Amino acid sequence: MPFYGLCDCNNFYASCERVFDPSLEGRPVVVLSNNDGCVIARSNEAKSLGIAMGQPFFQLRETIRRADVAVFSANFPLYGDMSRRVMGVLRRLVPATEVYSIDEAFLDFTGMDDADFDALGHRIARTVRRHTGIPVSIGIAPTKTLAKIASKLCKRYPKLDGACFMHRPEDIRKVLGRFPVNDVWGVGPRWGRMLAEQGVRTAWDFAQLPREWVRRRMGVTGLRTWCELHGEACIGFEEHPADRKRIATTRTFDRDTEDFGELHRRIARYAALCAAKLRAQGSVCGAVSVFLLTNRFREDRPRHYEHVVLPLSVPADSTLELTARAVEGLRRIYRRGVAYKRAGVILSDILPRSGFQGDLFDATDRAKHDRLMAAVDALNAAYGRHRVVTAAEGCGPLPQHRDRLSRPFTTDWEGLLRVKAT
DNA sequence: TCTGGGGTCCTAGGACCC
DNA sequence: TCTGGGGTCCTAGGACCC
């Protein structure tokens, strides 16, 4: 029988911070979102304190003082780099991997069909930990959905020691009977509530529902999950995930602003970030959208959502072209006297760069843009993000609260740890 | 005072065409 | 007293993921 593996990094962002400061071991750690707004990662100790995912930081000040919680502003370049290291180790240990998110990868064992999967899982977990410092949970099972459950068991039961091979039908049945249906991959809050109303509490209860009922109430997606729980693999392994169909850069600001100049710099910066992501996957886009939003938590003022989609006559990937369109969009939707709290740029109608039909008449311009962008991308890769920017972005960083940022330990020479021998 | 960001797929309904 | 029907494309909204 073929098996799927899942490697999930435990409390990933919090664990990344811990790698570079071992004094955090045993201490509650939380990582905050952009502008230090809310909690996006928690160590086990922080979870035990009742700190919730997404909880606003300002509600936690008392807990943080009382329990001596270590708090960090999100350091995404660091987490991205640590992720690449983890994925690199995995790639050396199994025939193929599918990077599913920054902290998860599915593992394909084709060709290792007679392996001792229990021992293999433990070896992978130990090796990743030793080579990167990141603790992981490995689940191995007949389907992806079951592998997810197996990996969650590792977190629940430390005795499993980081790996769980779940394959005997009687074991699977026992596990599902104690596994809350809301924690199953593919069952979100809505369906969780709907199922609870039907008296469905565990994954096993769900698997016992009639197939047709699931198909009718939860569509093909819900049915897929149901089949996967029955051990029928419906979600295949994809070693090379498809290109993104939408690329977005959106931010909530540190405060409300009416200042057109600031919005202009922000939109230009977001457009440049989107364009760089677009080129990184080797695509061009056919449309640029821009939106502005007011603070959704303010009851005392009318809400505004301004947005516009601007098609491009010829698909493009140049920061200069996309920025010009995004700024044009901003001019169209901006309303004087409205204080905005959030804005974003979204690229859509994405095509492979190699496949699209260019415009014969501006081939020269295009070649020039291509050379310029290649140079800009190379410089920013070598010397750090935003070293070369468009004039529209302005100089210096955009306003942002990040009071508790750790150092760029692995992505900048200045950030390297200094070790003193005594 | 303070409340994240970036994605995917599915489905229903309307527009449009023959 | 009658108001076709089926296919396709697009969009908005709803569900999910990390």
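A, B, ... follow the sequence lines: proteins, then strands. Residue 1 opens every chain. Since we're looking at a predicted model, the values are computed, not measured.
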Check every atom of [options] against the side chain of [X] and return the nucleotide holding the closest atom.
X	options	value
A/Asn34	B/dG5, B/dT8, C/dC18	B/dG5
A/Val220	B/dC10, B/dT8, B/dT3	B/dC10
A/Arg251	C/dC18, B/dG5, B/dT3	B/dG5
A/Thr250	B/dC10, B/dG4, B/dG6	B/dG6
A/Trp185	B/dT11, B/dG7, C/dC17	C/dC17

Categorize [X] for me: base, sugar-phosphate, or nothing, with a 4.0 angstrom heavy-atom threshold over every strand shown.
X	value
A/Ile247	sugar-phosphate
A/Val39	nothing
A/Asn35	nothing
A/Phe297	base
A/Arg296	sugar-phosphate
A/Gln55	nothing
A/Val184	sugar-phosphate

Tell me: [atom1] of [X] to [atom2] of [N], nearest whole Å?
X	N	atom1	atom2	value
A/Leu347	B/dG6	CG	P	12 Å
A/Arg244	C/dC18	CZ	C1'	11 Å
A/His307	C/dG13	NE2	C1'	13 Å
A/Ile64	B/dC2	CD1	P	17 Å
A/Ile346	B/dG5	CD1	P	13 Å
A/Leu32	B/dT3	CG	C1'	12 Å
A/Glu228	C/dC17	CD	C1'	14 Å
A/Lys155	C/dC18	NZ	C1'	11 Å

So, does [X] get its side chain near the phosphate of [N], meaning an N or O under 4.0 Å from OP1 or OP2?
X	N	result
A/Lys245	B/dC9	yes
A/Lys148	C/dC18	yes
A/Ser101	B/dG7	no
A/Thr252	B/dG5	yes
A/Arg342	B/dG5	yes

Pair A/Arg224 + A/Glu228, salt bridge at N-O below 4.0 Å: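 A/Glu228 and A/Arg224: not salt-bridged.
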
Cationic N near anionic O, under 4.0 Å, A/Arg404 to A/Glu17: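 Answer for the salt bridge query: no.
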
Residue mapping more 5' on DNA chain B - nearest nucleotide basis, A/Phe57 or A/Gly219: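 The 5'-side residue here is A/Phe57.
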
Nearest-nucleotide comparison on DNA chain B, the residue closer to the 5′ end among A/Phe253 and A/Thr221: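 Whichever sits nearer the 5' end wins; that is A/Phe253.
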
Parallel, tilted or perpendicular, as decided by the 30° and 60° cut-offs, for the rings of A/His167 and A/Phe3: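 Answer is perpendicular, since the angle exceeds 60°.
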
Between B/dG4 and C/dC17 - C1' atom distance, rounded Å: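 To the nearest whole Å, 15 Å.
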
Base of B/dT1 and ring of A/Phe58 stacked, centres under 5.5 Å, planes under 30°: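 Here the ring of A/Phe58 and the base of B/dT1 are not stacked, as the 5.5 Å and 30° limits are not both satisfied.
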
Pairing partner (Watson-Crick or G-U wobble, both distances under 3.5 angstrom) of B/dC18: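 In the structure as shown, B/dC18 has C/dG5 as its Watson-Crick or wobble partner.
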
cation_pi(A/Arg61, A/Phe57) dist<6.0 Å, angle<=45: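 That pair qualifies as a cation-pi contact.
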
Geometric cation-pi criterion, A/Lys152 with A/Phe179: 6.0 Å, 45°: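 Pair A/Lys152/A/Phe179 does not count as cation-pi.
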
Over all atoms of both residues, closest heavy-atom pair of A/Ala46 and A/Val30: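 Scanning both residues completely, I find the closest heavy atoms to be CB-CG1, 3.7 Å.
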
Side-chain heavy atoms of A/Asp317 within contact of A/Arg353, under 4.5 Å: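 Yes, at least one pair of side-chain atoms sits under 4.5 Å.
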
